[in-house]
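Here the structure is laid out as structure tokens; the discussion comes afterwards.
Throughout, a chain's letter reflects where its sequence line sits, starting with A, and its residues are numbered from 1. Bear in mind the structure is a predicted one, so any value in this text is a computation, not a measurement.
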There are 2 protein chains.
Amino acid sequence: MNHNAYICRMENDCIKCSVKPKVAGVLCECCLDPSKTNHATVQFVKGDMIIKQGNYSTNVAFLRKGMVKIHLAGPSYEQIVRIVKAPAYLGLPTTFGNKINQYSITAISEAQVCYIDIDFFRNLLKANEQFSYGIILELCQNELESFRRCANRTQKQARGNLADMILDFATNIFESDTFILPISQSEMGNLVDTSRESISRMLSEFAKDGVIRMTGKQLEILNKNSLQLISQNG
Amino acid sequence: MNHNAYICRMENDCIKCSVKPKVAGVLCECCLDPSKTNHATVQFVKGDMIIKQGNYSTNVAFLRKGMVKIHLAGPSYEQIVRIVKAPAYLGLPTTFGNKINQYSITAISEAQVCYIDIDFFRNLLKANEQFSYGIILELCQNELESFRRCANRTQKQARGNLADMILDFATNIFESDTFILPISQSEMGNLVDTSRESISRMLSEFAKDGVIRMTGKQLEILNKNSLQLISQNG
DNA sequence: AATATTTTGTGATATGAATCACAATGCATA
DNA sequence: TATGCATTGTGATTCATATCACAAAATATT
């Protein structure tokens with residue numbers, strides 16, 4: 001979603017940094033537009049928890065830079081539900097309902113986050129129909145994505161899911177066929193619902209078969225077609 | 001979500017049935033409030049498909065009465081994602097984005113549906129912030145629910161998932177410990193991600209252990225605690 | 001009522017992937 | 001540079017559950 005489109009047309013100061021916004025928004029550009037200055041933002045390093053499941057929170061977080069993982073306590077391990085990269089709003093559903101975080105969000109790279117008070121955010125929604133429509137669209141997208149992902153995870157077997165993860169990283173997160181794996185193998189296991197050992201075995205296998213090349217944590221896709229085939233069959 | 005709360009405060013006729021709404025809504029009560037007359041609604045019988053994956057559609061459907069299953073084509077079988085009972089809006093994410101249905105919805109009981117044109121629905125959102133806020137809340141709820149469900153499905157083993165399904169039916173759908181199973185065993189398999197055979201075996205087992213009693217398609221929960229325990233462990 | 005069709009029950013077997021166990025490597029920090 | 005902790009590689013074994021195969025019910029259809 002293009003956040004630049006959602007600058008609110010009101011004549012107030014920015015709630016976050018109290019700066020008169022140049023484009024006449026309730027949030028100034030720095031807080032809504034990730035391409036601007038890093039005024040009023042918080043820095044996180046890899047491993048820092050940005051939002052913690054179970055905690056009370058009255059802020060929506062806007063991820064300006066970096067990558068995070070959304071994860072929640074499952075019955076037997078910490079399920080990673082999604083990898084998200086900037087720009088994105090974080091913790092929306094959590095903060096909206098009962099204000100108890102229903103999942104955790106942890107930085108998996110350096111990250112910059114700016115916090116928006118939930119009541120303010122709510123007013124923003126009220127005041128700007130375009131903004132709230134955009135949010136609805138995004139939530140709808142998420143729901144569909146969730147459905148698909150869930151159906152795939154449970155129906156495909158491990159190889160297919162791992163292939164999907166790699167393709168997803170390449171196309172949606174890094175937009176390149178060569179990238180550095182942003183999570184450990186056990187995390188991959190928790191994302192793709194297999195054991196750490198299986199991930200290790202399968203990655204070696206893919207490399208042996210010439211589908212990928214691995215140099216330390218760097219992964220290069222050598223044969224995208226093969227990956228897609230592996231993803232499809234089962 | 002309590003749909004009665006979302007009657008829009010505008011002075012137009014109902015777009016669906018062109019009746020001047022008594023409560024001054026853009027949709028008259030019959031189209032927003034499921035407890036009113038069945039004016040302008042379509043009847044479905046068990047097995048009828050209300051929304052078909054892949055079809056073009058410009059309507060949101062409002063389920064006034066009955067139960068439906070939301071399902072979509074997975075890599076190897078038709079994944080059932082959720083059982084929904086009235087009142088509820090159906091096909092929101094589908095119709096919002098590209099207008100191609102991303103999943104199917106099929107009646108699993110007699111059902112009454114009233115269709116709302118998407119453009120109208122959009123205007124409703126624009127005009128009534130309370131309504132759109134309610135929709136956002138609901139979508140957020142769905143997302144959380146999705147996360148939890150997905151984590152459970154993949155982490156728990158079959159017995160636990162089946163126990164969950166039974167508890168979900170009892171508490172959320174039928175609101176009674178005795179109910180008639182609304183779907184076949186193979187459908188249960190597709191909902192809970194196991195084979196039809198496993199469902200059959202596990203149901204017999206639960207019955208043998210005195211956790212449930214089955215009389216044809218009727219299921220009675222005899223020991224809710226046991227079910228919860230089965231759900232928890234694995 | 002009689003036949004067809006879908007749904008269910010249950011055994012036997014096959015299999016994907018978890019788990020256990022331990023070595024090896026890499027990475028951080030003193 | 002050395003020591004410690006986290007990550008990874010790989011074999012052997014176990015286990016839950018899918019799959020196959022067929023019989024028995026139950027439901028629908030003529």
**Study point:** Value in whole Å for how far the P atom of dA16(D) lies from CE of M202(B)
**Key:** 13 Å
Review point. Would you say V60(A) and F62(A) make side-chain contact, with heavy atoms under 4.5 Å?
Key: no
Point to revise | salt bridge (charged side-chain N to carboxylate O under 4.0 Å, His left out) involving D48(B) - partner list, sequence neighbours excluded | key: none
**Study point:** Distance in angstrom units between Q157(B) CD and dA18(D) P, rounded
**Key:** 11 Å
Exercise for review: Kindly state whether the ring of F121(B) and the ring of Y89(B) have centres lying under 6.0 angstrom apart.
Suggested key: yes
Distance-only criterion, 3.5 Å: show the donor-acceptor pairs between side-chain atoms of residues 205-212 of chain B and protein atoms not counting sequence neighbours.
| from | atom 1 | to | atom 2 | distance (Å) |
| --- | --- | --- | --- | --- |
| E205(B) | OE2 | R159(B) | NH1 | 2.3 |

Revision key, fill the gap. Its contact letters, B for base, S for sugar-phosphate only and - for none at protein heavy atoms under 4.0 Å, make nucleotides 7-12 of chain D read -BBBBB
Exercise for review: Note the angle between the end axes of the helix from dA1(C)-dT30(D) to dA30(C)-dT1(D), five pairs defining each, rounded to 10 degrees.
Suggested key: 50°
Revision key, fill the gap. To the nearest angstrom, the NZ-C1' distance between K46(A) and dC27(C) comes to 12 Å
Check your understanding: Who pairs with Y77(A) by ring pair (Phe, Tyr, Trp, His ring centres under 6.0 Å), at least two apart in sequence or on another chain?
Key -> none
Exercise for review: Mind jotting down which residue pairs meet the salt bridge (charged side-chain N to carboxylate O under 4.0 Å, His left out) criterion with at least one end in residues 180-189 of chain A? Sequence neighbours excluded, please.
Suggested key: K69(A)-E187(A)
Practice item. Would you indicate what D193(B) reaches in the nucleic acid, counting non-hydrogen atoms under 4.0 angstrom: base, sugar-phosphate, or nothing? Key: sugar-phosphate
**Study point:** Partner residues of R201(B) under the salt bridge (charged side-chain N to carboxylate O under 4.0 Å, His left out) criterion, sequence neighbours left out
**Key:** none
Review point. Taking only residues two or more places apart in sequence, or in another chain, which ones meet E78(B) in a salt bridge (charged side-chain N to carboxylate O under 4.0 Å, His left out)?
Key: none
Check your understanding: Whole Å only: how far is the CE atom of M214(A) from the P atom of dG26(C)?
Key -> 13 Å
Practice item. Applying ring pair (Phe, Tyr, Trp, His ring centres under 6.0 Å), name anything that partners F96(A), two or more places apart in sequence or on another chain. Key: Y133(B)
Review point. CG of L181(A) versus C1' of dG26(C): gap in Å, rounded?
Key: 15 Å
**Study point:** Protein-nucleotide distance (L162(B), atom CG; dA16(D), atom P), rounded to Å
**Key:** 17 Å
Review point. Among residues 72-84 of chain A, which residues get a heavy atom nearer than 4.0 Å to DNA chain D?
Key: none
Review point. Quick one: ring pair (Phe, Tyr, Trp, His ring centres under 6.0 Å) partners of F147(B), sequence neighbours excluded?
Key: Y103(A)
Check your understanding: Closest to the T194(B) side chain: dT19(D), dA17(C), dT17(D)?
Key -> dT17(D)
Study note, to complete from the structure: Residue set satisfying salt bridge (charged side-chain N to carboxylate O under 4.0 Å, His left out) with D193(A), at least two apart, ordered chain then number -> none
